[in-house]
Amino acid sequence: MSLAEYILLALSSLFVIVDPITTVPAFLAMTAEDSPAARIKMARFACLVMMGILMAFALAGRFIFQFLGITMPAFQMAGSIVLLLIALDMLRAQRSRVKETQEETDAGVAKADIAITPLAVPMLAGPGAISTVILLHNKAGGEVPKQASLIVCIAVTAAVTYLVLSLAAKGARRLNPIALKLTERIMGLLLAAIAMQFLLNALTDLNVLKPRAGDSLPSISQRDPVLKESAP
């Protein structure tokens, strides 16, 4: 996979799983008593926290796997299930309980500042987003340009998320709920495809499936030498 293809994959995957568009209704509900300026301040801080968490897991995820003895195929399969559950809820235009529960949203309504919890974690940087950055870092292998581009993609996603939330804070009454639900369903379909691709990659690494002629799916040791010893 070329660097340009990797960047496109990383950007699309991160934006779809962070999904700031469908976070907007919950964000507005939890900040109903706040001014637009206060909403924007909370959105900015939440996006900075989200960016820090995802960067930390992208860089340290494989070392955590080594310490716990988790193989990459196992995590790919688990991550694909988490992403698929979120995608199915998005296709039904529902806010996934994998991202946050109704209890967490209700608690956010009662809080004076929801920037760190529940907005940054788990609404933006939830299990799905964390799984995605770890899988993307593994896909980069030992290639420094791809690893660096992943960090940049996380920063870009955080910036776009802040832009979406700040625009929503300024023009909450102008948001079209039908357009939001349509966008959510389209993004859910894309996320389901990404989840299935992660599952296929795991099955290929386990030699359950064989790459088609012309496909270039590198082995675990080629993608990430650090994980070579933990591969089955």
Is any side-chain heavy atom of [X] closer than 4.5 Å to a side-chain heavy atom of [Y]?
X: S149; Y: L3; value: yes
X: V121; Y: I116; value: no
X: L163; Y: L167; value: yes
X: R44; Y: L165; value: no
X: F75; Y: T71; value: no
X: V208; Y: T204; value: no
X: T117; Y: M123; value: no
X: S166; Y: R39; value: no

Closest non-hydrogen atom pair, [X] against [Y]:
X: G188; Y: A87; result: O-CB, 3.3 Å
X: A195; Y: L84; result: CB-N, 3.8 Å
X: D34; Y: A38; result: CB-CB, 4.0 Å
X: S80; Y: M77; result: OG-O, 2.7 Å
X: V24; Y: A168; result: CG1-CB, 3.6 Å

Given the rule that I, L, V, M, F, W and Y join up when any side-chain heavy atoms are under 4.5 Å apart, are [X] and [Y] in one cluster?
X: I64; Y: L59; answer: yes
X: V133; Y: L68; answer: yes
X: L8; Y: F198; answer: no
X: L48; Y: F27; answer: yes
X: I186; Y: V18; answer: no

Determine yes or no for a side-chain-to-main-chain donor-acceptor pair under 3.5 angstrom, with S13 supplying the side chain and A10 the backbone.
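Side chain of S13 to backbone of A10, a donor-acceptor pair under 3.5 Å: no, none is there.
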Between atom [atom1] of [X] and atom [atom2] of [Y], what is the distance when rounded to the nearest 0.5 Å?
X: H137; Y: L54; atom1: NE2; atom2: CG; answer: 13.0 Å
X: K139; Y: N201; atom1: NZ; atom2: CG; answer: 4.5 Å
X: C153; Y: F15; atom1: SG; atom2: CZ; answer: 13.0 Å
X: I7; Y: L150; atom1: CD1; atom2: CG; answer: 10.0 Å
X: M72; Y: D205; atom1: CE; atom2: CG; answer: 9.0 Å
X: M50; Y: T23; atom1: CE; atom2: OG1; answer: 9.5 Å

For I40, which fellow cluster members are found when Ile, Leu, Val, Met, Phe, Trp and Tyr are connected by side-chain heavy-atom distances below 4.5 angstrom, either directly or through intermediates?
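Answer for I40: Y162.
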Would you please name every residue forming a side-chain contact (heavy atoms from CB on, under 4.5 Å) with A155, sequence neighbours left out?
M51, M55
Non-neighbouring partners of V156 that pass side-chain contact (heavy atoms from CB on, under 4.5 Å), sequence neighbours left out:
L11, V152, V160
Give a yes-or-no answer on whether the side chains of T22 and D19 include a donor-acceptor pair shorter than 3.5 Å.
yes
Could you give all pairs that pass the salt bridge (charged side-chain N to carboxylate O under 4.0 Å, His left out) test and reach residues 146-156, with sequence neighbours left out?
E143-K146
Under the ring pair (Phe, Tyr, Trp, His ring centres under 6.0 Å) rule, collect the residues that match up with Y6, sequence neighbours excluded.
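In terms of ring pair (Phe, Tyr, Trp, His ring centres under 6.0 Å), with neighbours along the sequence ignored, Y6 is linked to no residue.
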Name all residues meeting the side-chain hydrogen bond (donor to acceptor under 3.5 Å, both in side chains) criterion together with S35; count only those two or more places apart in sequence or in a different chain, and write none if there are none.
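Per chain and number, S35 pairs via side-chain hydrogen bond (donor to acceptor under 3.5 Å, both in side chains) with no residue.
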